[in-house]
> 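Encoded as structure tokens, here's the structure I'll be asking about.
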Amino acid sequence: MTTMESLIGLVNRIQQACTVLGDYGGDSSLPTLWESLPSVVVVGGQSSGKSSVLESIVGRDFLPRGSGIVTRRPLVLQLHKTEGGAEYAEFLHIPKKRFTDFSLVRKEIQDETDRVTGRSKQISPIPIQLSIYSPNVVNLTLIDLPGLTKIAIEGQPDSIVADIENMVRSYVEKQNSVILAISPANQDIATSDAMKLAREVDPTGERTFGVLTKLDLMDKGTNALDVLEGRSYKLQHPWVGVVNRSQADINRSVDMVAARRREREYFSSSADYGHLTSRMGSEYLAKILSKHLEAFIKARIPSILSLINKTIDELEMELNQLGKPVAVDSGAQLYSILELCRAFDQVFKSHLDGGRPGGERIYTVFDNQLPAALKKLPFDRHLSIQNVRKVVMEADGYQPHLIAPEQGYRRLIDGALVLFRGPAEAVVDAVHFVLKDLVRKAIGETMELKRFPTLQAEVAAAAIEALERCREESRKFCLRLVDMESSYLTVEFFRKLPQEFDRGGNPSATTMDRYTDSHLRRIGSNVTNYVWMVCETIRISIPKAVVHNQVREAKRSLLDNFYTQVGKKEGKQLAQLLDEDPALMERRTACAKRLDLYRAARDEIDSVAWGK
Ligand SMILES: Nc1nc2c(ncn2[C@@H]2O[C@H](COP(=O)(O)OP(=O)(O)OP(=O)(O)O)[C@@H](O)[C@H]2O)c(=O)[nH]1
């Protein structure tokens, strides 16, 4: 086998692998190799003589005939030249069965079409693959597509016209397809469906081979030389004229050998086409197509190979991300669950410790939010002279204190200190919300968890629950810090206060003197100073308490409770936790299958390269 021959064989094998592994283009969510394989695509309008040309190239009758749209699935026809021996055909969907009776091949094509399209006369993009082994063929792969049509017939949906055109277009617009455009000579070439489509997708005509059928049916006195000699429709490759069997020949079962002989005679004896004999007829067509396809494949191999390598990398990467299939025994499952939890915990911690953003928002709470809230507390109102007077007088009751208003001080201070509860609780809540948000973020960012929606939800719930508990602890702790400040006042502060009588106050002053503005103002300012001193303590100690109770605790034991629960679970419950998203499972299978295809294709190409 020469390298050239083996190249078509190579593409044939890759094409078969594609069909087996479900790659026939179309599905855009997976990379496709099918789309990039060089092939010869046969297009033509209804009754243009498409089937006749194909059969003539093969030298056998094997295509379904009939009225209406007979070809309803792409037929990938792989011709393998053998060194003698019997001719036979094989379908990819029935491996190992050799068809030597070609009328059975025809029947199988019909049946297999119906198997997929369900006799509904719909079309389907899933190809049928047929290989023909014969000493009388050239190595060639042709894809036969439904004939272009203008109207739907009885029992076929109106959309079929557009469906067919779209399917045909999807094949011919690929840069790696050679277009075999069939037009009948007894029709104006300007109206040919095949040429219209070919011109649209291949305007320069480098991928198009024009075939003119039914030369024998042209009106007497006319000929197709303008077309065949490239004057009326220029293509990069020369036009080929053919003469196939007429309907009458088919009815009389004129065999293919006789038909080919008659075709040769037609050209050699033709007054019009005699000078073109060596470049006309179906045998010549088959030869130049084979040669062209080989060269075409050879030129495309490097780019196909690089596409294959690139895609293999991509698929491997995606499969890596999708992770290995779930383990079956419960020990391994438990291990997987713990691993997944750890992965999440890691991501969460990196948000707090830096590396990932979010942790700094906690510092913002301490540095901005808390001081701002403290500043806003209404001490001015609480310690206004009117309020000081009111509180002091009420505390004194009917018997004013004689030296200093002990009770009044006490009440004014207590009344101010409770105000710290609000900002303390607000800090607890604000940090809680930051942590909760970080849990949500970390859940989303733990790629490994994405596969397991159930586990993902449970881990998230467990983490949030743990945060709630920390919040409760922290709230109690912080409020206690505030309350502690009113339980016992800082003695030094008051000891340092100048006593009123030291400043010349008169201990025997009348009760009315005790309620003078200057006296009350002094009380107010003393209390204010004390409260600001406490405020500073609070500003410093609340963040410590919050970090201690919430942040540090979350880092240390966010999932502890969850671990305990998981540890108690039985095999079945563990499996439920590792319940994978079905879409993901499908994706993994599909990617793995595609990866197999690409690897097989690479091996095929390698083997041909080594064999050279
Ligand atoms: N005389 C003559 N008849 C031809 C020639 N080519 C095809 N025919 C006849 O034209 C009719 C249509 O040919 P087919 O080969 O079935 O055409 P097709 O494009 O496959 O048609 P559909 O698949 O039905 O769209 C048949 O009756 C053929 O016998 C030709 O070169 N000369």
Side-chain angles (χ1 to χ4, degrees), residues 41-75 77 102 106 109-110 113 117 121 123 128 130 142-154 156 160-161 163-165 167-168 179-187 189 191-198 210-220 222-224 227-228 239-256 258-267 270 272-273 276 280-286:
V41 180
V42 190
V43 294
Q46 269 199 316
S47 290
S48 56
K50 223 156 43 76
S51 313
S52 304
V53 170
L54 279 172
E55 289 184 328
S56 199
I57 288 176
V58 178
R60 280 289 193 169
D61 299 88
F62 65 97
L63 290 172
R65 296 285 175 119
S67 60
I69 299 158
V70 178
T71 308
R72 285 180 288 115
R73 287 174 61 182
L75 174 72
L77 182 60
F102 280 79
R106 168 180 300 149
I109 294 175
Q110 258 157 0
T113 299
T117 61
K121 305 293 178 213
I123 60 168
I128 299 176
L130 173 63
L142 299 152
I143 302 179
D144 187 19
L145 295 170
L148 295 161
T149 170
K150 294 208 169 50
I151 38 164
I153 58 136
E154 250 324 270
Q156 286 177 327
I160 199 159
V161 175
D163 290 347
I164 290 178
E165 193 175 320
M167 188 202 283
V168 175
I179 306 167
L180 189 63
I182 317 271
S183 314
N186 58 352
Q187 217 184 340
I189 195 74
T191 65
S192 156
D193 296 315
M195 295 321 295
K196 246 188 259 168
L197 191 57
V211 176
L212 213 51
T213 58
K214 307 191 183 180
L215 287 174
D216 59 319
L217 292 185
M218 291 185 76
D219 291 339
K220 282 245 155 46
T222 63
N223 64 47
V227 176
L228 291 178
W239 280 80
V240 180
V242 297
V243 175
N244 295 310
R245 289 170 303 174
S246 64
Q247 193 55 49
D249 295 335
I250 292 170
N251 297 346
R252 274 187 283 125
S253 333
V254 170
D255 76 28
M256 203 53 92
R260 276 188 178 179
R261 193 181 56 237
R262 274 208 345 226
E263 189 187 30
R264 274 197 299 276
E265 282 164 12
Y266 174 87
F267 285 111
S270 160
D272 289 326
Y273 311 117
L276 295 174
M280 294 288 128
S282 357
E283 280 173 278
Y284 173 74
L285 176 62

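Positions are given from 1 along the sequence. Counting convention: from 1, in listed order, for ligands and their atoms alike.
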> Of all the heavy atoms in G147, does at least one lie under 4.0 Å from an atom in ligand 1?
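Checking ligand 1 against G147, which is what was asked, there is no heavy-atom contact under 4.0 Å.
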> Evaluate T71 for polar contact with ligand 1, using N/O atom pairs at a separation under 3.5 Å.
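T71 vs ligand 1: no N/O contact under 3.5 Å.
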> Does any non-hydrogen side-chain atom of L75 lie less than 4.5 Å from one of L63?
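Side chain of L63 against side chain of L75, heavy atoms only: contact under 4.5 Å found.
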> Sequence neighbours excluded, which residues qualify as side chain to side chain donor-acceptor pair (under 3.5 Å) partners of T213?
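Applying side chain to side chain donor-acceptor pair (under 3.5 Å) to T213 gives none.
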> Need the ligand 1 atom indices (1-based, order shown) with element for anything under 4.0 Å from a heavy-atom of S47.
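Those qualifying, in numeric order: 12 (C), 17 (O), 18 (P), 19 (O), 21 (O), 22 (P), 25 (O).
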> Which ligand 1 atoms, with their elements, are less than 4.0 angstrom from a heavy-atom of I250?
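Contacts of ligand 1 toward I250, numbered from 1: 29 (O).
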> Any idea which part of L217 is under 4.0 Å from ligand 1, heavy-atom wise: side chain, backbone, both or neither?
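Within the 4.0 Å criterion, L217 contacts ligand 1 through side-chain atoms alone.
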> Provide the number and element of each atom of ligand 1 under 4.0 Å from a heavy atom of V243.
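Near V243, meaning under 4.0 Å from one of its heavy atoms, ligand 1 has 31 (O).
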> Compare L63, N244, V242 and give the one whose heavy atom is closest to atom 31 (O) of ligand 1.
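Closest candidate by heavy-atom distance is N244.
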> Got an N/O contact under 3.5 Å between G49 and ligand 1?
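Indeed, backbone or side chain, G49 has an N or O that close.
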> Under 4.0 Å from any heavy atom of G45, which atoms of ligand 1 are there?
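So the answer, numbered in order with elements, is 19 (O).
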> Under 4.0 Å from any heavy atom of Q46, which atoms of ligand 1 are there?
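This gives 25 (O) as the contact atoms.
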> Where does D216 meet ligand 1, judged by heavy-atom distances below 4.0 Å: at the side chain, the backbone, both, or neither?
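For D216, only side-chain atoms sit under 4.0 Å from ligand 1.
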> Please list, chain by chain and in numerical order, all residues satisfying salt bridge (Lys or Arg N to Asp or Glu O under 4.0 Å) with D249, sequence neighbours excluded.
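Testing D249 for salt bridge (Lys or Arg N to Asp or Glu O under 4.0 Å), a comparison that skips the adjacent residues, returns R252, R262.
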> Heavy atoms only: which of E263, R65, K50, Q247 is nearest to atom 16 (O) of ligand 1?
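Residue with the shortest heavy-atom distance to the ligand atom: R65.
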